[in-house]
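Reading through the structure tokens given below for one structure.
We use all heavy atoms of the structure for the numbers below, so side chains are in, but hydrogens, waters and symmetry mates are not. A, B, ... follow the sequence lines: proteins, then strands. Residue 1 opens every chain.
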Amino acid sequence: MISQETIVPGSHESLKTDELLINMGPQHPSTHGVLRVVIVTDGEIVKTARPEIGYLHRCFEKHSENVEWGQVIPYVDRLDYLASMNNAMGYSMAVERMLGVEVPRRAEYIRVIIAELQRIASHLMSFGTYGLDMGAFTAFMYGFRDREMILDIFEKISGARLLYNFMWVGGTYRDITPEIVEQIRSFLTYFKPKVDEYNTLLSYNKIFIERTKDVGVINLQTCFDYSLSGVMLRGAGFKWDLRKDVPYSIYKEVEFDVPTGSGEMGTLGDCWDRHIVRMREMKESIRIIEQLLDGIPEGPHRAKVGKIIKVPAGEGFSRTECPRGELGFYIISEGGTGAYRVKCKSPCFLNIAILDELGKGQMVADLVATIGSLDIVLGEVDR
Amino acid sequence: MTFDEVFEKLKTKFPDAILAKEETKPDPAVKIEPSKIKEILAFMRDELKFETLGCISGVDYPKIPALCVVYHPTSYTHKTIVALKAYLPRTEEPSIPTVTDLFKGANWLERETYDMFGIRFTGHPDHRRILCPEDWVGYPLRKDFKSPDYYNGMPVPLYFAEEEKTDTGGHA
Amino acid sequence: MLSQDSLVMTSVDEVLSWGRKNSLWPLTFGLACCAIEMMATGAADYDLERFGCGVFRATPRQSDLMIVAGTVTLKMASRIRTLYDQMPDPKWVISMGSCANKGGPYWHEGYHVLKGVDRVIPVDVYVPGCPPRPETLIEAVMMLQKKIRVTQNTLGIFEPRKHA
């Protein structure tokens, strides 16, 4: 209790101020899952924001040591559940590289088309939830409406809506039919003008710009220090995309640009830059799919790898560009039917580690904007 | 810059700390002296332009026996990744110097390796478990790890061994 | 329509159950993959609001339905119990997806996965699937509404449910 005598009218010096410890999460609407951030605030200013993870640790690496090579794919799907196709493609390519298997060209075409569709779906989700975090509910509804159309296509080719088990070692599980190609084409015609519409709706909205510009600035050196990848790197103005710089699959045959942030609305590498990079990447994905749709070659959609895969002894690190950054798989094989060790280098795990540094000195509301712009998926952070 | 060029440069700079080249396929690796990891990574970052540390993984080899820490320095300039392997004795808590002061991103990667393998990183600023709860017992990714029966009063396995005889639903 | 001096006879139980079943307020509680399908159920195409169950609340103190959507880990289990205890009575739980039901694909090697959320909180409806389709979740909600409809709760002396 503060006695009456200690308070001098008109003076704040005698008032005792204290830091406040707040637990944000694990159950919180804008932590995108079960992230827990331990925040120490001084009034409205964040002093430290320490992320605590592990609330969704599902033992992926233990599972992959104990099941066969092909059986890992369902678990890989569940890592980054918003971009299952990209994840499974990354894992399949890592195993194929160890095996030395050549994937048929038809399979490569299908894979890239599907992976780019998945990238659009994932970025739409990010667009929707980021809008939701910033208080714009319409963006969420629009994002989900268009995402459902992509899920319909995926459902036709694989039978599932979210976790597909479609990319297999050696190719894809099923072939795609001309009707599906038509459906993808009509989706693209529908979706192409939508990106601009969404930019008008959210990205160039005055309120949204005010909330996200100059907030959560990541510069390039910080990116290197923290091993950030993907949109973080491109948002900081560094033109690096594995699809372009270390091309895999058939990416070197298609034309596309790598959008980077330029500090249009404020500082280079702020939340708005990262948001706009995602929006522009959707356009590039559309471009890639359009180039590939017409020339899908005939042939098998899966290489013959046999039912029981035996990977020769060795080890390899291969990485692919997922919607959230570089997904790497470090695989050690001892020649058996299952892996000796699979280490998943997940982009979100490294991306969220920067939150402590970004959060210092921010307002509490800006912290939400920062977490949203990192676009994490907790399934991949905790694995 | 290919792997062999990087290996030659490292070998000339650190003749004692670079132990061998591991000719594994498809990616070869460099076997290094664990206590020199900091100097090697600093040299690679500053001189050879390996700007970032892509990954730190632990591997358990009960047959050798050894615990291994694998570093993957990544270069944007040369567009390449090199694997450095440091073998440690397979004891309860072997230790290796931390590289957190070179790459801040190593902080969480090292914590994860500690959590999963029990490898201690000396000089780490925040040496705690990261994925498992703080009061977790054992290191899950060691090959001899046994899943606990109970954690905080909650049963962990789906069925216990004695139940399995009568109830096999769900078991393969 | 009823005219001005009409009379409707019903029991208090009936009115209360009817009101409760048509205004379920779920807790925004996403754990893993299933949470995305839960969000899709609430979003444009499936629109859970049509069934009187769309007002997702961010705090457990305002909600009466918990949809456990996703894998429950041992680290998370105690938090789920806390959240459940914070919800006011009467409250219901839907366990969504195989992981929340029985550990899902993580049942064998998942040293850190709780094999079924019913080990920490009581569950009313189990929804199978990995992840369940939005239609399945809608059916689960309707099934729960059917259950609430027949519950006999007299005004004022609601008996708190027995905890597991």
Original post:
Would C:Tyr111 and A:His57 count as a close aromatic pair, with their ring centres under 6.0 Å?
Top reply: yes
Original post:
Less than 4.5 Å apart, any side-chain heavy atom of C:Val55 and any of C:Arg57?
Top reply: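 Yes, at least one pair of side-chain atoms sits under 4.5 Å.
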Cation-pi check, [X] onto [Y] ring (under 6.0 Å, within 45° of axis):
X	Y	answer
A:Arg78	A:Tyr81	no
A:Arg145	A:Tyr142	yes
A:Arg174	A:Phe166	no
A:Lys343	A:Phe329	no

Subject >> When A:Lys62, A:Met125, A:His63, A:Glu65 are compared by non-hydrogen pairs under 4.5 Å with chain C, the top option >> reply: A:His63
Original post:
Based on non-hydrogen pairs under 4.5 Å, which of A:Pro74, A:Pro26, A:Gly379 is most in contact with chain C?
Top reply: A:Pro26
Need one label for [X]: side chain, backbone, both or neither, based on atoms under 4.5 Å from any heavy atom in chain A.
X	result
C:Leu27	side chain
C:Phe56	neither
C:Ala32	both
C:Ile36	both

Subject >> Residue pair A:Lys194, A:Asp146: steps toward the salt bridge (charged side-chain N to carboxylate O under 4.0 Å, His left out) verdict >> reply: CA-CA 9 Å; A:Lys194 291 284 173 192; A:Asp146 293 349; 5.8 Å; no
Residue part contacting chain C, namely of [X], when any heavy atom lies under 4.5 Å:
X	result
A:Thr129	side chain
A:Glu52	neither
A:Leu378	neither
A:Phe140	side chain
A:Arg58	both

**OP:** Please say which of C:Lys146, C:Lys91, C:Lys147 ends up in a salt bridge (Lys or Arg N to Asp or Glu O under 4.0 Å) with C:Asp124.
**Re:** C:Lys147
Just so I understand: if I count every heavy-atom pair under 4.5 Å between each of [options] and chain A, which residue has the most?
options	result
C:Thr71, C:Val113, C:Thr28	C:Thr71
C:Ala58, C:Gly30, C:Pro105	C:Pro105
C:Ile80, C:Thr59, C:Leu31, C:Val72	C:Leu31

Original post:
Can A:Arg324 and A:Ser122 be said to form a side-chain hydrogen bond (donor to acceptor under 3.5 Å, both in side chains), step by step?
Top reply: CA-CA 9 Å; A:Arg324 278 162 194 80; A:Ser122 167; 3.0 Å; yes
